[in-house]
Amino acid sequence: MNVSLSTWLLTVVALCVLVAVDFFIGRKPHDVSIKEAGIWSAVWVALAIAFGLGLLAFGGGKPAGEFFAGFITEKSLSVDNLFVFVLIMAKFAVPSQYQQRVLMIGVLMALVLRAVFIAAGAAIISSFSWVFYLFGAFLVWTAWKLVQDARKDSHDEEYEENKLLKAVEKRFGVADRYHGTKLWVEENGKRVMTPMLVVMLAIGSTDVLFALDSIPAIYGLTQDPYIVFTANAFALMGLRQLYFLIGGLLKKLVHLSYGLSIILGFIGVKLVLHALHESGVHVPEISIPFSLGFIVLVLGVTTATSLWATRNQRQALPADEGPDPDPEQASQQA
């Protein structure tokens with residue numbers, strides 16, 4: 001797409017307004033209900049669909065298809081990221097009424113970091129076409145690593161702070177308890193960080209690692225920086241509400257990592273084929289409609305098999321743990 005500077009500015013301003021509205025609504029610490037999370041999750045998805053339809057009307061089917069494929073892929077990867085967010089919240093014992101503030105600032109940091117990665121990716125791609133080989137190989141390797149992690153059930157592991165976060169904590173010190181939503185407090189005449197700031201930094205720095213596979217993945221679906229940026233923005237901005245909406249369902253998505261590995265592997269192969277095509281090698285290229293259909297199909301099958309597997313596990317537990325349960329109670333649980 002030939003996106004003018006004014007369109008870019010208008011889009012960024014509109015997204016900033018949406019972020020400001022989201023911040024204003026969630027400014028008061030409170031426990032987020034399923035109803036509230038569901039309503040706002042639907043609002044963010046509706047806004048993404050409206051934006052995609054706008055691209056369809058003004059840019060045609062190709063940009064719209066690329067946006068929806070990118071949005072669905074990034075949204076799916078963000079759901080997998082929620083597993084890590086749950087571990088971070090548990091590690092730092094974040095009070096439930098403060099979790100939405102942590103996620104809000106964390107997502108805002110993620111948006112800024114993603115923008116930097118997207119700009120860097122666009123500059124590299126425009127200068128070096130061979131980078132598609134690297135992106136493709138990296139995604140295939142990431143897909144394999146996801147399968148290995150899924151086999152080890154790594155989502156049940158405890159979150160470990162990275163070296164950068166440990167260095168920041170050692171340099172500035174950390175208060176021994178939460179002080180509401182304050183980020184800095186004074187203790188014994190010294191200005192120290194609160195656990196609230198540490199958690200925000202943990203989520204923000206963790207998203208840097210997430211971007212290492214999500215940015216190459218979406219560049220495998222489109223090389224348009226405008227679509228890459230907006231797809232990432234819409235996928236991330238509803239992440240806070242999605243956390244509260246499906247927090248209890250995350251452990252039921254036992255096959256999600258396998259589904260994501262298939263998608264990343266597929267996009268990796270697509271990138272390699274594209275790189276070969278750019279090099280003059282006559283190979284078939286995978287179209288966006290096929291990519292979109294494949295991604296949706298994989299996610300649908302993954303969700304269905306996950307729910308089927310967890311349901312069978314739940315039904316098998318009473319028989320394994322002791323005497324036969326009461327029939328009426330068993331029927332209610334089913």
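Note that the structure is predicted; figures quoted are calculated from it, not measured.
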Trainee: Pick from L77, I295, L221: which one makes a side-chain contact (heavy atoms from CB on, under 4.5 Å) with I72?
Mentor: I295

Trainee: Could you label the plane-to-plane angle of the F67 and F71 rings as parallel, tilted or perpendicular, counting under 30° as parallel and over 60° as perpendicular?
Mentor: parallel

Trainee: Quick one: are E169 and L201 in side-chain contact, heavy atoms under 4.5 Å?
Mentor: no

Trainee: Quick one: does T194's side chain have a donor or acceptor within less than 3.5 Å of a partner on K182's backbone?
Mentor: yes

Trainee: Would a 4.5 Å heavy-atom cut-off, applied to side chains only, mark I215 and R114 as touching?
Mentor: yes

Trainee: What is the minimum heavy-atom distance between R177 and P195, and which atoms define it?
Mentor: O-CD, 3.2 Å

Trainee: Establish whether V21 and M104 are linked, either directly or via other cluster members, by ILVMFWY side-chain heavy-atom contacts under 4.5 Å.
Mentor: yes

Trainee: Centroid-to-centroid, F234 to F51, below 6.0 Å?
Mentor: yes

Trainee: Starting from the C-alpha separation in whole Å, work towards a yes-or-no answer on side chain to side chain donor-acceptor pair (under 3.5 Å) for H255 and T305.
Mentor: CA-CA 7 Å; H255 296 159; T305 57; 3.0 Å; yes

Trainee: So E186 and K190, salt bridge (Lys or Arg N to Asp or Glu O under 4.0 Å) or not? Walk me through it.
Mentor: CA-CA 5 Å; E186 284 194 11; K190 181 182 178 182; over 6 Å; no

Trainee: Can you find a pair of side-chain heavy atoms, one from E36 and one from Q241, that are under 4.5 Å apart?
Mentor: no

Trainee: May I have the step-by-step check of side chain to side chain contact (heavy atoms under 4.5 Å, CB included) for H274 and V283, ending in yes or no?
Mentor: CA-CA 8 Å; H274 177 75; V283 293; over 6 Å; no

Trainee: If we ignore hydrogens and angles and just use 3.5 Å, is the side chain of Q99 paired with the main-chain N or O of V94 as donor and acceptor?
Mentor: yes

Trainee: Answer whether the closest heavy-atom distance between the side chains of L111 and M237 falls below 4.5 Å.
Mentor: yes

Trainee: Should Q223 and V228 count as side-chain neighbours, where that means a heavy-atom distance under 4.5 Å?
Mentor: no

Trainee: On a heavy-atom basis, which atom in P225 and which in A122 lie closest, and how many Å separate them?
Mentor: CG-CB, 3.8 Å

Trainee: Below 4.5 Å, heavy atoms only, C-beta onward: do N232 and I118 meet side chain to side chain?
Mentor: yes

Trainee: Using every non-hydrogen atom in the two residues, find where A233 and L15 come nearest and quote the distance to one decimal.
Mentor: CB-CD1, 3.9 Å

Trainee: Do M200 and Y243 share a hydrophobic cluster (ILVMFWY, side-chain heavy atoms under 4.5 Å, transitive)?
Mentor: yes

Trainee: Could you check if a side-chain atom of V102 sits within less than 4.5 angstrom of a side-chain atom of F85, using non-hydrogen atoms only?
Mentor: no

Trainee: Would the distance check show the side chain of Y219 and the main-chain N or O of D224 forming a donor-acceptor pair, the cut-off being under 3.5 Å?
Mentor: no

Trainee: Rounded to the nearest 0.5 Å, what separates atom CE in M193 from atom CG in L183?
Mentor: 10.0 Å

Trainee: Cut-off 3.5 Å, no hydrogens considered: what does the side-chain donor-acceptor table look like for residues 260-269, sequence neighbours left out?
Mentor:
residue, atom, partner, partner atom, Å
S261, OG, S257, O, 3.4
S261, OG, Y258, O, 2.5

Trainee: Side-chain heavy atoms nearer than 4.5 Å, only ILVMFWY residues, links allowed to pass through others: does that put V192 and F92 together?
Mentor: no

Trainee: Does atom CH2 of W40 have more than 12 heavy-atom neighbours from other groups under 6.0 Å away?
Mentor: no

Trainee: Any chain of hydrophobic side-chain contacts (each under 4.5 Å) joining Y226 to V12?
Mentor: yes

Trainee: Is the shortest side-chain heavy-atom distance between T7 and F58 below 4.5 Å?
Mentor: no

Trainee: Would F229 and L108 show up in the same hydrophobic cluster when neighbours are defined by side-chain heavy atoms closer than 4.5 Å?
Mentor: yes

Trainee: Step by step, work out the side chain to side chain contact (heavy atoms under 4.5 Å, CB included) result for Y133 and L276.
Mentor: CA-CA 8 Å; Y133 290 110; L276 289 171; 3.3 Å; yes

Trainee: Determine, step by step, whether L139 and L271 satisfy the side chain to side chain contact (heavy atoms under 4.5 Å, CB included) criterion, reporting the C-alpha distance in whole Å, the side-chain angles of both residues, the deciding distance to 0.1 Å, and the verdict.
Mentor: CA-CA 9 Å; L139 288 180; L271 274 171; 3.7 Å; yes

Trainee: Could you give the distance from CG (N2) to OG (S4), rounded to the nearest 0.5 Å?
Mentor: 7.5 Å

Trainee: Give, for atom CG of L297 and atom OG1 of T302, the distance between the pair rounded to the nearest 0.5 Å.
Mentor: 9.0 Å

Trainee: About how many Å separate CE of M196 and OH of Y178, when rounded to the nearest 0.5 Å?
Mentor: 6.5 Å

Trainee: Closest heavy-atom contact between I218 and A231?
Mentor: CD1-CB, 3.5 Å

Trainee: Which class fits the ring pair F172 and W184: parallel under 30°, tilted 30 to 60°, perpendicular over 60°?
Mentor: perpendicular

Trainee: How many angstroms lie between CG in N188 and CZ in R191, if you round to the nearest 0.5 Å?
Mentor: 15.0 Å

Trainee: Begin with the C-alpha distance, continue with both residues' side-chain angles, and end with the deciding distance and a verdict on side chain to side chain contact (heavy atoms under 4.5 Å, CB included) for L56 and K62.
Mentor: CA-CA 8 Å; L56 178 63; K62 186 174 183 294; over 6 Å; no

Trainee: Rounded to the nearest 0.5 Å, what separation is found between the CG atom of L236 and the NZ atom of K75?
Mentor: 8.0 Å

